[in-house]
2 protein chains.
Amino acid sequence: MTSTTDSAVPAKRRRDRAAREREILDAAERIFGERGYQGTSMDDIAAAVGVSKPLVYQYYGSKDGLFLACLSRLRAQLLDAVSDAVLAAPDAEQAMYAGFVAWFTFLDEHPRTWSVMVDEGMLSAGPAAVAADEVRAEFVGLIATMVRLNLPADHPADDDEIQIVAQTVSGATERLAIWRTRNGGTPTPEKVATTLQNLLWHGLNSLRP
Amino acid sequence: MTSTTDSAVPAKRRRDRAAREREILDAAERIFGERGYQGTSMDDIAAAVGVSKPLVYQYYGSKDGLFLACLSRLRAQLLDAVSDAVLAAPDAEQAMYAGFVAWFTFLDEHPRTWSVMVDEGMLSAGPAAVAADEVRAEFVGLIATMVRLNLPADHPADDDEIQIVAQTVSGATERLAIWRTRNGGTPTPEKVATTLQNLLWHGLNSLRP
DNA sequence: CGAGTAACTTACTGGCAGTAAGTTCATCCT
DNA sequence: AGGATGAACTTACTGCCAGTAAGTTACTCG
């Protein structure tokens with residue numbers, strides 16, 4: 001007999017830790033997304049789940065910790081979506097396009113979660129800032145790798161230039177995502193990806209020294 | 001025998017409003033830059049100036065108001081630096097390069113003030129967010145105008161594409177500025193500007209439909 | 001059924017944004 | 001001069017929220 005037999009009713013009651021953690025994380029992601037980091041209190045989140053604040057602290061340690069947990073989950077999903085798209089493409093040019101489309105599409109489908117991550121992810125003090133930087137660093141690394149692979153093997157590229165390009169692409173796509181969200185989700189991911197591709201592709205291929 | 005005869009000593013005493021406001025604004029810019037928005041309390045700023053907190057409130061209304069005032073002064077300086085450089089250039093290509101160099105150079109010379117503006121300027125709730133967006137919008141507008149001017153007159157450009165390009169450039173330069181600051185101010189503004197120019201110039205010229 | 005422990009709560013502390021109400025200093029008027 | 005007027009400035013609070021100490025309830029397993 002599974003002990004959780006009576007889980008059909010909406011009564012909150014006691015749940016095991018994993019389930020409660022997920023419940024709290026879901027609520028936090030939603031509320032952070034709606035009201036921002038500053039605008040959200042731990043009491044709000046606890047109340048939304050129907051538990052008391054100290055329970056949230058027991059599971060997530062601090063407000064930063066909880067925010068960080070939201071961020072971490074989102075990061076994994078987003079990174080998966082983009083790298084799947086990139087890896088499935090037959091060549092570099094299509095990989096770049098597919099990566100852009102995956103990026104904008106994912107963020108279309110998670111507009112609120114996105115605002116958690118970017119709009120407020122850069123609280124330059126505290127562990128959340130470190131986490132946000134790690135997310136960016138991961139994408140920058142991914143982009144840098146792609147750029148390197150696209151360069152002719154006999155030209156060891158200028159590392160500074162690769163960094164500059166990777167930061168550019170990362171910064172641009174982040175900003176475009178915010179802009180699209182505020183712009184009601186237009187233009188389409190494909191339109192933006194195409195324009196970006198046109199804008200960057202030639203320049204990328206002229207990186208050889 | 002100037003009327004303020006005893007001003008030699010470090011005693012704070014009473015000063016007229018304008019002077020006090022400037023003093024507060026300078027301190028706020030410095031402390032926000034050092035500790036971030038969240039890490040700075042109004043008491044900190046008041047103590048640094050040697051006045052009480054309510055005085056700061058009387059002059060700037062709120063923490064957001066004070067932050068906004070810092071932002072506003074910085075914005076004006078930065079925008080001036082960049083648009084001066086752009087307007088002084090003889091053609092579009094050099095204008096773009098000069099704009100990039102001016103941007104990165106200015107931010108080199110004001111690394112702390114920069115972190116006030118960008119790293120924490122996007123608290124997505126509150127009036128500070130609106131102000132930060134206005135700063136960005138101004139730059140995006142400037143870039144969009146430049147792009148339009150560079151296009152052949154007989155081709156009315158696709159507005160979406162111009163927006164995409166402008167957001168891209170703005171997002172990229174913002175991110176590159178943050179990266180350079182954290183990277184100890186390297187590579188040089190000229191190096192970054194050159195790479196960006198190489199990366200974007202061809203793509204920009206292929207925008208014609 | 002009783003012991004042990006995981007899930008959960010009440011009731012607090014401390015710090016900070018923001019405010020009400022008052023006090024001190026400078027200047028102008030007669 | 002000396003009092004009136006207002007600007008510069010302060011003390012002493014409120015309320016909100018992150019974080020905590022210490023306790024209570026209910027599930028589980030021997």
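Letters go in sequence order (proteins before strands), and every chain restarts at 1. Quick caveat, the model's predicted, so the values are computed rather than measured. For the numbers below, each heavy atom of this structure counts, side chains included, while hydrogens, waters and symmetry mates do not.
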Distance, rounded to the nearest Å, where [X] contributes [atom1] and [N] contributes [atom2]:
X	N	atom1	atom2	answer
A/E21	C/dA6	CD	P	14 Å
B/I45	D/dC9	CD1	C1'	18 Å
A/K63	C/dC16	NZ	C1'	13 Å
B/D44	C/dC16	CG	C1'	10 Å
A/D16	C/dC8	CG	P	9 Å
A/K53	C/dT13	NZ	P	14 Å
B/D43	D/dT11	CG	C1'	13 Å
A/Y60	D/dT20	OH	P	17 Å

Using a cut-off of 4.0 Å on non-hydrogen atoms, how would the nucleic acid contact of A/Y59 be classed: base, sugar-phosphate, or nothing?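 Sugar-phosphate contact only.
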Contact class for B/S52 (heavy atom, under 4.0 Å): base, sugar-phosphate, or nothing? base
Taking A/R73 as the fixed residue, which of A/L68, A/L78, A/L25 is the one that meets the side chain to side chain contact (heavy atoms under 4.5 Å, CB included) rule? A/L25
Report the nucleotide, chosen from D/dA18, C/dA17, D/dA8, that has the shortest atom-to-atom distance to any side-chain atom of B/R17. D/dA8
Looking at the side chain of B/S41, which of C/dT9, D/dG19, C/dC16 is the nearest nucleotide?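 It is C/dC16.
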All side-chain hydrogen bond (donor to acceptor under 3.5 Å, both in side chains) counterparts of B/Q77, not counting sequence neighbours: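 With neighbours one apart ignored, the set is empty.
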Could you tell me the separation between the OG1 atom of B/T173 and the CD1 atom of B/I143, rounded to the nearest 0.5 Å? 5.5 Å
Give a yes/no on whether any side-chain N or O of B/R15 is located under 4.0 angstrom from OP1 or OP2 of D/dA8.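 No, B/R15 has no side-chain N/O under 4.0 Å of OP1/OP2 on D/dA8.
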Examine distances only and state if a side-chain atom of B/K63 and a backbone atom of B/Y37 form a donor-acceptor pair shorter than 3.5 Å.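 Pair found, side chain donor or acceptor close to backbone of B/Y37.
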When you compare the protein's N or O atoms with those of nucleotides 20-26 of chain C, which come within less than 3.5 Å of each other, and at what distance?
residue : atom : partner : partner atom : Å
C/dT24  : O2   : B/R14   : NH1          : 3.0
C/dT24  : O2   : B/R14   : NH2          : 2.6

Less than 4.0 Å between a side-chain N and a carboxylate O, is that true for B/R22 and B/D16? no
Check whether any side-chain heavy atom of B/N183 lies under 4.5 Å from a side-chain heavy atom of A/Q163, and answer yes or no.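 No, too far: nothing below the 4.5 Å cut-off.
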Only pairs at least two apart or in different chains count here, so list each side chain to side chain donor-acceptor pair (under 3.5 Å) that has a residue in residues 52-61 of chain A.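 Residue pairs with at least one partner in residues 52-61 of chain A: there are none.
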